[in-house]
> 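Dumping the structure here so I can ask a few things about it.
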Amino acid sequence: MAGVELSGVTKAFGGFHVIHGLDLKIDDGSFTVFVGPSGCGKSTLLRMVAGLEDVSGGVVRIGGTDVTDADPVARGIAMVFQNYALYPHMTVRQNIGFPLRMQGAAKKTVEQRVSEAAEILQLGELLERKPAQLSGGQRQRVAIGRSIVRNPDVFLFDEPLSNLDAELRVSMRVEIAKLHKTLGTTMIYVTHDQTEAMTLADKIVVLRAGRIEQVGTPVELYTNPASLFVAGFIGSPRMNFLSGTYVDSFVTLVNGVSWHAELDIDGSAEILVGVRPEHFVPGPASVSLPLSVDIVEYLGGTRYVYAALPGESPLTIEDRGADDMQSGSSREFPLDTSKALYFTPEGKRLYALG
Ligand SMILES: Nc1ncnc2c1ncn2[C@@H]1O[C@H](COP(=O)(O)OP(=O)(O)OP(=O)(O)O)[C@@H](O)[C@H]1O
Ligand SMILES: [Mg+2]
């Protein structure tokens, strides 16, 4: 078991800088998820922790030890990739035991660790099969089994579930959460999947162009994002942004709908109002927004209504209504302004006073 600490870590490929002096402390035993747009440096960062990629500057510590120049095998880590390659000619048993045999472990040790891993991952029945005789989820479990037998201090996962179909992703997500509970080992996990990030993480690290934008618990990032970028990135469907103005303690949208708010601004300003899809609900601080309905998606218990202010792009509204709502019709939607967040047009969060 070990925590991970990055201090002033930079990375450049030739003259191309991809990670810019990054500091991050990952607690021992925690589950940390890296998210961010494609190309922001998630895999590069993970590979630098693993030692598969040299750092251009800064220090990497695992369990308090400086491993900046240490070989991958000396770091006590195990990494699971999206494209896990199993050996097709080996059985599940042989695949899982492979890293231990490579280390020259005793036969008895190999047997014991393989059966422990098989039990944790419920692969006991499948040990004599070849990879071709397994489903995608079972194969991914074998790949994880191969990392478990090494008994690492830190698990590194780079989008391990993205090759699986939707249903399998959900069940494997639960498996990985259980694995973390059972083993209590530090895990660092890269994903594009909002649900994986929100459900698995103790802490989410939002990366943007090689810098940390915000670190926090899933709830912190969802309810209290530090910037427009985080507000728009965390949450699915994403937060709506409405343009408006702030004058004399009043927020006014382009259609003239307005409400009182005390923001940390001197004088007047152009602002963006951020509203989550589930915040179009009545309440003491609600205003009524006349919108024209574009499309309605029924999901069973809830539905997403895509509806727009004249001349603006459609908003996503989540509601539980079952009444008939025709495309092209106009209607009033309540908006709970107490839940609204405010940003400058440049993306800086504006905080409400008091
Ligand atoms: N070996 C390399 N040589 C040059 N540039 C590289 C190399 N590896 C990665 N990069 C660049 O570094 C940046 C970060 O890449 P990285 O793979 O870390 O992104 P990512 O956040 O994992 O993206 P994705 O979500 O698409 O997997 C990208 O601009 C990428 O093109
Ligand atoms: Mg990547």
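All residue numbers in this chain count up from 1 along the given sequence. Side-chain atoms are counted along with the backbone in the values below, which use heavy atoms only and exclude waters and symmetry mates. Counting starts at 1 for both ligands and their atoms, following the listed order.
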> If the cut-off is 2.8 Å, does any N/O/S atom of Ser38 fall short of it from the Mg ion (ligand 2)?
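So Ser38 does not count as coordinating the Mg ion (ligand 2).
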
> What do you reckon, does Gly36 have a nitrogen or oxygen under 3.5 Å from a nitrogen or oxygen of ligand 1?
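No, Gly36 has no N/O under 3.5 Å of an N/O on ligand 1.
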
> Report yes if some heavy atom in the side chain of Ile144 is under 4.5 Å from a heavy atom in the side chain of Phe157; otherwise report no.
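Yes; the side chains approach each other to less than 4.5 Å.
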
> Is it true that atom CD of Glu167 has more than 12 heavy atoms of other residues, nucleotides or ligands lying nearer than 6.0 Å?
no

> Hey, is atom 30 (C) of ligand 1 touched by any protein heavy atom at less than 4.0 Å?
no

> Under 3.5 Å between any N/O of Val18 and any N/O of ligand 1: does that happen in this structure?
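No; the residue has no nitrogen or oxygen that sits under 3.5 Å from a nitrogen or oxygen of the ligand.
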
> Verify the cluster assignment for Met48 and Tyr189: are they in a single hydrophobic cluster under the rule of side-chain heavy atoms below 4.5 Å apart?
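No; Tyr189 is not reachable from Met48 via cluster members.
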
> Name the closest protein heavy atom to atom 14 (C) of ligand 1, giving the residue it belongs to and the distance to 0.1 Å.
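Looking only at protein heavy atoms, the one closest to atom 14 (C) of ligand 1 is Gly39 O, 3.4 Å.
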
> Looking only at protein heavy atoms, which one is nearest to atom 15 (O) of ligand 1, and what is the separation?
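Protein heavy atom at minimum distance: Thr44 OG1, 3.6 Å.
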
> Check whether any side-chain heavy atom of Leu179 lies under 4.5 Å from a side-chain heavy atom of Glu175, and answer yes or no.
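No, every pair of side-chain atoms sits at 4.5 Å or beyond.
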
> Note the single closest protein heavy atom to atom 26 (O) of ligand 1, along with its residue, its atom name and the distance in Å.
Ser38 OG, 2.5 Å

> Yes or no: does His192 have any heavy atom under 4.0 Å from an atom of ligand 1?
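In this structure, His192 qualifies as a contact of ligand 1 - some heavy atom is under 4.0 Å.
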
> Tell me: protein heavy atom nearest atom 8 (N) of ligand 1, and distance?
Phe13 CZ, 3.4 Å

> Based purely on interatomic distance, does Leu45 place a nitrogen or oxygen under 3.5 Å from a nitrogen or oxygen of ligand 1?
no

> Would a 4.5 Å heavy-atom cut-off, applied to side chains only, mark Leu207 and Glu213 as touching?
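Heavy-atom side-chain distance check fails, nothing below 4.5 Å.
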
> Find the distance between CZ (Arg173) and CG (Asp193) and round it off to the nearest 0.5 Å.
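Reported value, rounded in 0.5 Å steps: 7.0 Å.
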
